[in-house]
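Just so we're on the same page: letters track the sequence lines, and every chain starts at 1.
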Amino acid sequence: MLDIQLLRTDLDRITQQLAARNFQFPVERFNQLELERKKIQTHTEELQAKRNATSKQIGIAKSKGEDVSGILAEVANLGDELKQSAINLEQIQSALQGILLEVPNLPHDSVPEGASEENNQEIRRWGEIQAFDFEIKDHVSIGEGIGMLDFEAAVKLSGSRFTLMKNGLARLHRALAQFMLDTHVQENGYIEVYTPYLVNRNSLQGTGQLPKFEEDLFVVHAGGNKNPEESEHQDGFYLIPTAEVPITNIVREEIVPMKALPLKFVAHTPCFRSEAGSYGRDTRGLIRQHQFDKVELVHIVHPDESYTALEELIGNAEKILQKLKLPYRVITLCTGDMGFSAAKTYDIEVWLPSQNTYREISSCSNCEAFQARRMQARFRNEKGKPELLHTLNGSGLAVGRTLVAILENFQNADGSVSIPDVLQPYMNGLDRLQIAGGK
RNA sequence: GGAGGUGUGGCCGAGUGGUUUAAGGCAGCAGUCUUGAAAACUGCCGUAGGGGUGACUCUACCGUGAGUUCGAAUCUCACCGCCUCCGCCA
C-alpha cells in the first residue's frame with residue numbers, strides 16, 4: 001500500500017510512476033472521494049465535539065442537582081444526525097481504502113523501464129552449459145523412464161497439475177529441501193521457522209495477494225459446513241501460495257525492537273496456486289503445478305538497509321545453485337514485469353537443456369514499506385517513534401523446479417541421472433538415480 | 001464439543017454510567033546533583049487522522065463488531081484470542 005499522504009501531495013508524479021508499471025491510477029475518482037471525505041470528516045468531527053461538550057455539561061449540571069431537560073431537548077436529534085454522518089464517512093473511507101489496496105508498489109529508481117519481460121535486464125551468468133553427446137530427454141521422459149515420476153497416478157488422485165514422485169526421486173526431492181534449509185541456517189544465518197499452511201484473509205492482505213488476486217488462491221472451509229459464510233471463520237482459510245505470506249506476517253501489527261533487526265527467516269513449505277489464467281502454459285511436467293514445495297527466505301529490515309539486504313538475499317539464493325553446479329543467470333525485472341508488492345525484483349533463471357533456455361527458479365524482491373504499511377509492521381527508531389519496516393522475500397529455491405534442473409542437467413546417456421555431490425550425504429551416499437535393477 | 005475464568009498504553013496494573021484529559025508503577029528520554037556512574041529529585045513520555053501559514057485545535061482508539069444512552073473502558077448481545085478443567089484426537 002502506498003502512503004496516502006504521498007498521493008495527496010504528489011499525485012502527478014505517482015500516477016506517472018504507476019503508468020510505467022502498466023497501472024492506471026483512478027485520479028478523478030480519488031480526487032472526488034478526497035474532496036468529499038474532507039467535507040464529511042470535518043462535519044462529523046464537529047458533531048462529535050458538540051456531543052462531547054454537551055454531555056459533559058449535562059454531567060456537571062446533574063452533579064449540581066440542576067434541571068437538565070433544556071439541554072437534553074437541545075441535543076435531541078444530534079444523535080441521528082451524527083449517526084448518519086458517521087455512516088457516510090465510513091463509506092467514503094472504505095472506498096478510498098479499496099482504491100489504495102489495489103494500487104501496486106512504486107518501482108525503485110534503479111529498475112529498468114519497460115512494458116513487458118522483453119525489457120528485463122540480464123545482469124550476470126554463472127556456470128557452464130554442458131554439451132551432451134547424446135540425444136537429451138526432458139525431465140518428464142527421464143523421470144518416467146526410471147519409473148519414479150507418475151503423472152497418471154496423480155491425475156487419478158487429484159487431477160491435472162499434480163504429480164506423484166516415487167522411490168529415489170521422492171527422496172531426492174526431500175534431500176533438496178533439507179540441503180537448502182541446512183545451507184541457509186548454517187551458512188547464511190537464517191532462523192528456521194515452521195508455519196501454518198492455512199492462513200486468514202488479513203495475512204494475505206498484508207503481503208498483497210488480497211484483495212486483488214483472490215482467483216489465484218485456493219479457499220477451504222471445515223467439512224460438513226453447508227454455510228461457510230455463517231461459520232466462525234466467516235472468510236474461511238486460504239492455502240498459502242508461498243511461505244512469504246505466513247513468514248512476513250509474523251511481524252504484522254508488531255513493533256519490533258531495533259536491536260532485533262535484521263530478522264532473517266527461512267521455511268520449507270508446500271505452496272498452492274490455482275494457476276487460473278495459465279491454461280495451456282507449461283502443461284507438461286513439473287514446471288507449473290497446483291502444489292509445489294519451496295524454500296523461502298524473508299528479511300525484515302531497517303529501511304536504510306533494504307537494498308543491501310536485497311543483494312545479500314539474491315546471493316544466498318545463487319549459492320544454492322552454485323553448490324549444485326547448475327548454470328543460471330540473474331535478471332532485473334523491468335517496471336512492467338514486476339509483481340504487485342515489489343519495488344525491485346531480481347529473478348534467477350536456471351538452464352533447462354530440453355527447453356534450450358533459462359527458466360525462473362527464484363524471485364527475490366524488496367517490497368520496501370509497501371507490505372509493512374498494509375501490515376502495520378513497525379520498529380522503534382532512534383527517537384523512540386514507531387516507523388515502518390522494510391520487507392524482502394525470495395525463493396531459495398523452488399524445490400520442484402530445482403529437481404527438474406537436476407534431472408535434465410545431470411542426465412546420462414543410459415537414462416540415469418547423476419546426483420550432485422552436495423546432495424549425496426542426504427541420499428545415504430547414493431550417486432545416481434536409475435531404473436530399479438537396471439544399468 | 002461441554003464448564004468456568006480472562007482480555008486496559010512498550011510492559012505490569014487501577015478503574016462497574018458523567019470534570020477520565022485512563023490512576024499508579026516499570027521501562028525510555030531530558031535535566032538537577034555527581035569527577036563519572038548509581039541513587040534521589042524535577043519534567044517529558046501512546047497510536048492514527050482532520051482543520052489552520054502558524055502558536056494551536058479537533059476527532060477516534062481500553063480484544064473485534066453491533067446495541068442501549070444526552071454521555072460507555074464501565075451496561076447488553078455476538079464473535080475472536082488466551083488460561084484452567086472435562087471429552088475427543090495425532
Side-chain angles (χ1 to χ4, degrees), chain A residues 1-9 30-31 33-97 99-101 194 196-203 205-206 221-225 227-238 246 249-261 369 372-389:
Chain A
M1 196 159 69
L2 302 182
D3 186 355
I4 193 164
Q5 303 291 5
L6 213 59
L7 288 163
R8 285 175 184 148
T9 55
F30 177 78
N31 281 333
L33 281 170
E34 263 294 288
L35 207 68
E36 252 180 284
R37 190 220 89 229
K38 216 177 268 191
K39 198 176 78 191
I40 294 176
Q41 181 165 348
T42 312
H43 182 59
T44 307
E45 291 185 354
E46 273 168 7
L47 291 175
Q48 284 170 328
K50 189 172 172 190
R51 179 202 60 196
N52 291 347
T54 312
S55 296
K56 191 174 269 183
Q57 274 180 5
I58 292 171
I60 294 169
K62 268 195 165 178
S63 71
K64 289 179 185 161
E66 293 170 5
D67 174 43
V68 293
S69 56
I71 313 178
L72 280 177
E74 205 178 298
V75 292
N77 47 16
L78 188 66
D80 288 341
E81 199 185 343
L82 177 58
K83 195 171 283 180
Q84 189 52 52
S85 189
I87 289 169
N88 293 344
L89 180 61
E90 226 272 309
Q91 279 171 352
I92 287 175
Q93 300 275 38
S94 70
L96 278 166
Q97 181 76 356
I99 290 179
L100 282 183
L101 283 172
Y194 171 84
Y197 302 155
L198 294 170
V199 296
N200 56 34
R201 284 191 70 90
N202 280 341
S203 293
Q205 181 173 302
H221 61 83
N225 189 344
N227 297 301
E229 284 78 26
E230 291 166 21
S231 73
E232 281 184 3
H233 289 93
Q234 247 184 25
D235 306 308
F237 288 118
Y238 292 80
N249 275 279
I250 292 171
V251 294
R252 171 153 55 89
E253 290 154 53
E254 296 290 333
I255 298 178
V256 181
M258 202 162 61
K259 291 190 296 255
L261 301 176
R373 187 170 293 109
R374 291 172 161 251
M375 293 191 297
Q376 282 304 297
R378 298 172 294 175
F379 70 101
R380 214 166 272 284
N381 68 17
E382 294 82 348
K383 291 175 185 159
K385 292 290 171 196
E387 193 180 331
L388 293 172
L389 289 158

Do [X] and [Y] have side-chain heavy atoms sitting under 4.5 Å apart?
{"X": "A/Arg8", "Y": "A/Gln5", "answer": "yes"}
{"X": "A/Glu254", "Y": "A/Met375", "answer": "no"}
{"X": "A/Ile92", "Y": "A/Ile40", "answer": "yes"}
{"X": "A/Met258", "Y": "A/Glu387", "answer": "no"}

When the [atom1] atoms of [M] and [N] are compared, how many Å lie between them, rounded to an integer?
{"N": "B/C75", "M": "B/G15", "atom1": "P", "result": "12 Å"}
{"N": "B/C45", "M": "B/A30", "atom1": "P", "result": "15 Å"}
{"N": "B/A73", "M": "B/U34", "atom1": "C1'", "result": "45 Å"}
{"N": "B/U64", "M": "B/G10", "atom1": "P", "result": "13 Å"}
{"N": "B/A37", "M": "B/G25", "atom1": "P", "result": "25 Å"}
{"N": "B/U74", "M": "B/C85", "atom1": "P", "result": "31 Å"}
{"N": "B/A23", "M": "B/C44", "atom1": "P", "result": "13 Å"}
{"N": "B/A27", "M": "B/A38", "atom1": "P", "result": "12 Å"}

Quick one: closest heavy-atom pair of [X] and [Y], and the distance?
{"X": "A/Ser203", "Y": "A/Arg252", "result": "OG-NH2, 2.9 Å"}
{"X": "A/Phe379", "Y": "A/Leu388", "result": "CE2-O, 3.5 Å"}
{"X": "A/Ala95", "Y": "A/Leu33", "result": "CB-CD1, 4.0 Å"}
{"X": "A/Thr44", "Y": "A/Ser85", "result": "OG1-OG, 2.8 Å"}

Starting the side chain at C-beta, find the nucleotide from [options] nearest to [X].
{"X": "A/Arg380", "options": "B/G49, B/U47, B/G10", "result": "B/G10"}
{"X": "A/Ala49", "options": "B/U59, B/U47, B/G10", "result": "B/U59"}
{"X": "A/Gln41", "options": "B/G50, B/U47, B/G10", "result": "B/G50"}

Using a cut-off of 4.0 Å on non-hydrogen atoms, how would the nucleic acid contact of A/Glu254 be classed: base, sugar-phosphate, or nothing?
nothing
Reckon A/Pro257 touches a base, only the sugar-phosphate, or nothing at all at heavy-atom distances under 4.0 Å?
nothing
Closest-nucleotide mapping onto RNA chain B: is A/Lys38 or A/Gln48 further toward the 5' terminus? I mean the 5' end.
A/Lys38
5'-most by nearest nucleotide on RNA chain B - A/Arg8 or A/Lys50:
A/Arg8
For [N], which nucleotide in any strand shown is its Watson-Crick or wobble partner with both distances under 3.5 Å?
{"N": "B/A72", "answer": "none"}
{"N": "B/A55", "answer": "none"}
{"N": "B/A39", "answer": "none"}
{"N": "B/C79", "answer": "B/G63"}
{"N": "B/A3", "answer": "B/U84"}
{"N": "B/G28", "answer": "B/C44"}

Using whole Å, report how far [atom1] of [X] lies from [atom2] of [N].
{"X": "A/Glu253", "N": "B/G10", "atom1": "CD", "atom2": "P", "value": "13 Å"}
{"X": "A/Lys385", "N": "B/U47", "atom1": "NZ", "atom2": "P", "value": "4 Å"}
{"X": "A/Met375", "N": "B/U47", "atom1": "CE", "atom2": "P", "value": "20 Å"}
{"X": "A/Gln376", "N": "B/G63", "atom1": "CD", "atom2": "P", "value": "19 Å"}
{"X": "A/Leu82", "N": "B/U59", "atom1": "CG", "atom2": "P", "value": "12 Å"}
{"X": "A/Ile92", "N": "B/G49", "atom1": "CD1", "atom2": "C1'", "value": "15 Å"}
{"X": "A/Phe379", "N": "B/U47", "atom1": "CZ", "atom2": "P", "value": "14 Å"}
{"X": "A/Ile87", "N": "B/A66", "atom1": "CD1", "atom2": "P", "value": "10 Å"}

OP1 or OP2 of B/A60 less than 4.0 angstrom from a side-chain nitrogen or oxygen of A/Gln93, does that happen here?
no
If the threshold is 4.0 Å, N to carboxylate O, is there a salt bridge linking A/Arg37 and A/Glu34?
yes
Output one letter per nucleotide in nucleotides 69-77 of chain B: B when a protein non-hydrogen atom lies under 4.0 Å from the base, S when only the sugar-phosphate is that close, - when neither is.
-BS------
